[in-house]
Amino acid sequence: MYKVLEDYLMEIKRYLAGVDDKEDILKEIRYHLTEMAEDLYGESNEETLQKVIISFGEPRATAEKYTGNHKIISPSFQSHLLQYTGILFSIHFGVCIIALIKGSNSAILPFINMESSSSWLILFYLPVAFIFDFGLISLLLLLVTKYKPDASLPWFNGFKKKQPSKIGSALFTVLLVIVYWIYQKLGTIFMYIDVKGQHLYRIEATESASIGIIVILLISYIVYLIRFFYNKPWLYITAHIINLLILWYLLKQFQLIHIIAANEQLTPGLQGIFILFVVLTTFSLVRWLINYSVEKSLS
Amino acid sequence: MESKSSEKEMNRGFLQLIVLILLEKPSYGYLMVKDLAKFEYHIEESTLYPLLRRLESKNFIESTWKVDSVKPKKYYVITEEGKQTRRQLMEMFGKQKEILQKVLKGDEYV
């Protein structure tokens, strides 16, 4: 037992992670170095072994020659890693937004969960969620690499990007004008029809909420027009996030305080409409986030 | 630096063939290094051993530990599958040599 040799072999062993028969490899190197020292210098001792060890090479470089073909995740799955993480994180992000806006916990069991205890919690939660998603997908791909390296994994090409049309933009313009006209006339865009009396009533205390909805429509309209010459996912993602922030603000600041007080019996219905709006916007945001991650995983 | 890496790349396939030829008779790592040195072909031991392991995992060679003059040594020998591969590699090497000679006869490459 020579210390210089044992230290050298121990260091190689440290770098041989994931390699089978480590002890066999080390045994072979041990006897090789001993024989070489005896052959070249007449005996094996600390000094002569040190010399042959130097000629054999750095422990890390030596170990890498054994691990050269050993990949934790196959290079052919690296685009999948980015894409799957992107898709999972997009869903995670969507669940967070819905939990935040509807004000209760949301969960897609077993691993996607968002508690609504604090609005600011999302800022801390999302980076953790991303690391978790990345880790989970890495783990799955690691297992596939180990047990089924030739597997053909599904590849998602993204949701179909719809091109804006002239008719669409014309309809959007008409909608925006009508909504704005109603607001100018009635001071709100929220109304209900009394079926018995066949009267149209405006819902009280919804002026601010109406402005919010008009701003959302205006943002969506501008983005729709930009799409004619610039059709990139990040544009919609930004617009959707701004729209969701407005919706969140409306739900928290106005509806709960003012609208409930003025229209007690209408509140659940109104809240439902807002939440439906949030869910649809979030769903659309998730689609765009997925498209963005699909684009990025190929670049 | 670049020529060194090209040399390494070319040597990889060649070394595999040489090892399969040498292992017609059972041999062990250090002895193979010395045998090759006699033909003025110097290889790094740290390259040879991982190669032997890869060839063994492909069933081209097989190994056994033997105690030879007090010290244990891991002897390798070519298998039938290895012989078949060696034949194919020899043919490929012959063809490559032929192509190379033909190409070299063309004036602008020399």
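Residue numbering restarts at 1 for every chain, and letters A, B, ... go by the order of the sequence lines. This is a predicted model, so every value here is computed, not measured.
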So, the part of I25(A) with a heavy atom under 4.5 Å from chain B: the answer is both

Rounded to the nearest 0.5 angstrom, the OH-NZ distance for Y31(A) and K74(B) is 13.0 Å

message: Run D39(A) and K34(B) through side-chain contact (heavy atoms from CB on, under 4.5 Å) and show every step you take.
response: CA-CA 11 Å; D39(A) 198 29; K34(B) 289 209 292 188; 3.1 Å; yes

Practice prompt. May I ask you to check whether over 12 heavy atoms, not counting those of F283(A), lie within 6.0 Å of atom CZ?
Written response: no

In terms of heavy-atom contacts, S46(B) and F56(A) come closest through OG-O, 3.3 Å

Would you say K13(A) has more than 12 foreign heavy atoms packed within less than 6.0 Å of its NZ? no

Rounding to 0.5 Å, atoms CD (E56(B)) and CG (D24(A)) come to a distance of 8.0 Å

Rounded to the nearest 0.5 Å, the OG atom of S55(A) sits from the CD atom of E45(B) at a distance of 5.5 Å

Within a reach of under 6.0 Å around CZ of F156(A), are more than 12 heavy atoms found that belong to other residues, nucleotides or ligands?
yes

Between K65(A) and R54(B) the two heavy atoms that sit nearest each other are O-NH1, 3.7 Å

| query | Would you find more than 12 non-hydrogen atoms of other residues, nucleotides or ligands less than 6.0 Å from Y41(A) atom OH? | reply | yes

Decide if atom CD of E11(A) counts as having more than 12 heavy atoms of other residues, nucleotides or ligands within a radius under 6.0 Å.
yes

message = Checking K71(B) against E38(A) for the salt bridge (charged side-chain N to carboxylate O under 4.0 Å, His left out) test, could you report, in this order, the C-alpha distance in whole Å, the side-chain angles of both residues, the deciding distance, and whether it holds?
response = CA-CA 12 Å; K71(B) 282 195 182 65; E38(A) 286 167 4; 2.8 Å; yes

Interatomic distance, OG1@T34(A) vs OH@Y30(B), rounded to 0.5 Å, equals 11.0 Å

| query | Strictly under 6.0 Å, is that where the ring centroids of H32(A) and Y28(B) end up? | reply | no

- Task: Please examine the side chains of E28(A) and K73(B), heavy atoms only from C-beta on, and report whether any two atoms are closer than 4.5 Å.
- Result: no

Inspect the surroundings of CZ in R14(A) and state if more than 12 heavy atoms from other residues, nucleotides or ligands are less than 6.0 Å away. yes

The interface call for S57(B) against chain A, heavy-atom contacts under 4.5 Å, is neither

Decide if atom OH of Y224(A) counts as having more than 12 heavy atoms of other residues, nucleotides or ligands within a radius under 6.0 Å.
yes

